[in-house]
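Okay, so here's the structure we're looking at.
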2 protein chains.
Amino acid sequence: MNRNGDGGRMMRAASGSGPLKVQPLKLGERIREIRRRNSWTLEEASRRTGLARSTLSKIENEQMSPTFEVVQKLAAGLEIELPQLFEAAEPSGATGRRTVTREGEGRPRVTATYEHELLSVELAKRKMIPFKTRVRARSFDAFSSWVRHPGEEFLYVLEGSVAFYTEFYEPVVLAAGDSVYYDSDMGHACVSVGDEDALILWVSTG
Amino acid sequence: MNRNGDGGRMMRAASGSGPLKVQPLKLGERIREIRRRNSWTLEEASRRTGLARSTLSKIENEQMSPTFEVVQKLAAGLEIELPQLFEAAEPSGATGRRTVTREGEGRPRVTATYEHELLSVELAKRKMIPFKTRVRARSFDAFSSWVRHPGEEFLYVLEGSVAFYTEFYEPVVLAAGDSVYYDSDMGHACVSVGDEDALILWVSTG
DNA sequence: AGCGTATATTTCCTATCGGAAACATGCGAA
DNA sequence: TTCGCATGTTTCCGATAGGAAATATACGCT
């Protein structure tokens, strides 16, 4: 079967071999792009944001620098995350990003207890970090120091079953198909129960 | 099983037409906090950003809405990432949060093409939204309108295989164990190939 | 108390933002 | 061609952002 993924990143060519100049971040271009991508006219965008057509036009053409208040209205009305507005200049680019990771082709990291496989490695800047991890059977040393780091995590059990420990909660046994979502600034650890290794998929906020 | 689900936040209230409802987001307070935390006086901050003391004072006291140009200078001068400026203060209390979802006990939402199951429903505010979805075999109508919403998504194929379509890229066939990470403001759609339904796990940024 | 210094706020004033309306441009139909 | 309509741009002007300087405010020190 045809599996013609590119498997990698493919971003718009970084412009300019010229002198390094701090990107003024062309907000107007970005706004226009987003509006066009959704096939909104200035009139529609005006309704959505509560801003005048003329104002939108001037912003898109870099003929004025909107006040922060207006930027907020833009973000709300055009349904874009505010941070997205700013990262977008080069990293994510006008064309968007996509990366495919084939089974077993992530970046491995092996410890005594876990076999981690970092997925989607090609994308340097991303909001989530996905892993697939094999938890070795009967590995109890995980207790010794549980993990604790800012952010949130989602964990899904693919195979086998694990005992999931966190601060403030009772341990819970998760079987294949079960999942857990938690604040990762709580101490947490995951150990395999039963004779088989467990396979888990987990996603962490960047 | 809870079957009266509204399907959660699948679509981000695209329903539009209602104009502005801009969140508060007290920029001034945030700026002042950052400045104070670094023990900078307004004078120092003025040197760093190239903005007048008076301007900084007025911004911190919410007496004016800075232009976007000024916001950029603020970010550069005070050495903060622009996105960081807009993220809400850390909500989660000292106790942390955790929620377990057993297999098949998410909140379902069924369409002609997909059987979605929203996981981790109990946590109202979370940075990621995990779904498990059954993609019906030979469902081509997904083409008619592909999805497009701000943020990023990670998709992992649990069973079967799917064709994954996005703007700007060639379609790619993903088999069990394969995964893809993409900017979800690109149009995207997922259809099952082969005779079997496909089962996918995907996580979307909140 | 008064004086001096350092920091923050308020007062001007000009440049510019942002909205209403006029103007320009494109395009399909008669 | 003409009109008609829809979309994007420019003009005009009141409202306001942002800088320079004056004015508080706080805190030591003698």
Side-chain angles (χ1 to χ4, degrees), chain A residues 22-80 82 85-86 88-89 94, chain B residues 14-80 82 84-86 148 167 185 187:
Chain A
V22 177
Q23 177 81 330
L25 180 51
K26 286 190 262 165
L27 181 68
E29 229 175 51
R30 183 92 185 109
I31 296 288
R32 167 164 286 160
E33 232 171 69
I34 290 169
R35 181 175 64 83
R36 288 257 166 86
R37 190 173 291 176
N38 289 78
S39 308
W40 291 331
T41 66
L42 282 183
E43 180 57 34
E44 264 176 291
S46 169
R47 274 205 316 277
R48 287 179 160 271
T49 59
L51 299 168
R53 280 206 317 279
S54 56
T55 302
L56 292 170
S57 171
K58 281 182 263 190
I59 291 174
E60 289 189 356
N61 292 307
E62 319 271 351
Q63 289 173 18
M64 71 182 215
S65 171
T67 59
F68 184 69
E69 209 179 355
V70 165
V71 174
Q72 283 181 281
K73 288 186 187 174
L74 278 171
L78 303 185
E79 290 170 23
I80 42 189
L82 255 179
L85 254 186
F86 310 118
Chain B
S15 43
S17 73
L20 65 159
K21 177 189 59 180
V22 177
Q23 53 176 353
L25 183 50
K26 288 189 246 161
L27 182 68
E29 241 174 42
R30 194 109 179 79
I31 295 289
R32 167 163 285 158
E33 210 177 283
I34 290 168
R35 181 175 63 85
R36 288 257 166 85
R37 191 168 294 168
N38 290 77
S39 309
W40 291 330
T41 66
L42 282 183
E43 181 57 34
E44 266 176 288
S46 170
R47 274 194 314 96
R48 288 177 157 272
T49 58
L51 299 168
R53 281 205 316 279
S54 56
T55 303
L56 293 170
S57 170
K58 281 182 258 189
I59 292 173
E60 289 190 355
N61 292 308
E62 320 270 354
Q63 288 173 17
M64 70 183 218
S65 173
T67 60
F68 183 69
E69 213 177 356
V70 165
V71 173
Q72 284 181 280
K73 287 187 189 172
L74 277 171
L78 303 184
E79 290 168 20
I80 44 188
L82 257 179
Q84 178 189 349
L85 256 185
F86 311 115
R148 184 202 303 276
E167 278 181 308
D185 55 355

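Lettering follows sequence order; numbering is per chain, from 1.
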| query | How far apart are the closest heavy atoms of A/Ile59 and A/Met64, and which atoms are they? | reply | CG1-CE, 3.9 Å
| said: Mind checking if B/Glu60 touches a base, just sugar-phosphate, or nothing, with heavy atoms under 4.0 Å? | reply: nothing
| message | In this structure, how many angstroms lie between the C1' atom of C/dG18 and the CG atom of A/Leu27, rounded? | response | 15 Å
| query | Reckon A/Asn61 has a side-chain N or O less than 4.0 Å from the OP1 or OP2 of D/dT9? | reply | yes
| Starting at the 5' end of DNA chain D and moving along, which residue's nearest nucleotide shows up first, A/Lys58 or B/Gly50? | A/Lys58
| Could you state the CD1-P distance from A/Ile59 to C/dT16, rounded to the nearest angstrom? | 16 Å
| field | Under-4.0 Å side-chain N/O to phosphate OP1/OP2 contact, B/Gln63 with C/dT10 | value | yes
| Could you state the CG-P distance from B/Leu74 to D/dG18, rounded to the nearest angstrom? | 9 Å
| What is the distance, rounded to the nearest whole Å, between atom CG of A/Leu42 and atom P of C/dA24? | 18 Å
| task | When you get a sec, tell me which of C/dG18, D/dG18, D/dG19 is the closest nucleotide to the side chain of B/Ala52? | result | D/dG19
| message | Side chain of A/Arg32, heavy atoms from C-beta onward: which of D/dA17, D/dT9, C/dC17 has the nearest atom to it? | response | D/dT9
| request: Could you state the atom-to-atom distance from CE of A/Met64 to C1' of D/dT11 in whole Å? | output: 14 Å
| request: Would you give the length of the straight line joining atom OG1 of A/Thr55 to atom CD of A/Gln63, rounded to the nearest 0.5 angstrom? | output: 11.5 Å
| request: State whether the distance check finds a donor on one side and an acceptor on the other, under 3.5 Å, for side chain B/Ser54 versus base D/dA20. | output: yes
| query | So, the side chain of A/Ser46 versus the backbone of A/Leu51: is there a donor-acceptor pair under 3.5 Å, distance only? | reply | yes
| message | What is the distance, to the nearest angstrom, from the CD atom on B/Glu43 to the P atom on D/dA21? | response | 13 Å
| Within the modelled atom types, does a donor on one side and an acceptor on the other bring the side chain of A/Thr41 and the base of D/dA6 under 3.5 Å apart? | no
| When the distance from CD of A/Glu62 to P of C/dC17 is rounded to whole Å, what number comes out? | 12 Å
| note | Between B/Trp40 and A/Arg53, whichever has its closest DNA chain C nucleotide further toward 5' is B/Trp40
| said: Mind checking if A/Thr55 touches a base, just sugar-phosphate, or nothing, with heavy atoms under 4.0 Å? | reply: base
| From A/Leu56, A/Leu74, A/Leu42, A/Thr49, residue fulfilling side-chain contact (heavy atoms from CB on, under 4.5 Å) relative to A/Arg35 | A/Leu42
| query | Got more than 12 heavy atoms from elsewhere within 6.0 Å of CD, B/Glu69? | reply | no
| task | Check each of A/Arg30, A/Arg36, A/Arg32 against A/Glu60 using the side chain to side chain donor-acceptor pair (under 3.5 Å) test, and report the only one that passes. | result | A/Arg32
| query | When all nucleic acid strands are considered with a 4.0 Å heavy-atom cut-off, which category describes A/Ser57: base, sugar-phosphate, or nothing? | reply | base
| field | side-chain N/O B/Arg35 vs C/dA8 OP1/OP2, d < 4.0 Å | value | yes
| field | Atom pair distance, as rounded to whole Å: CZ in B/Arg47 and P in C/dA6 | value | 14 Å
| query | For B/Leu51, which contact category applies under a 4.0 Å heavy-atom criterion: base, sugar-phosphate, or nothing? | reply | sugar-phosphate
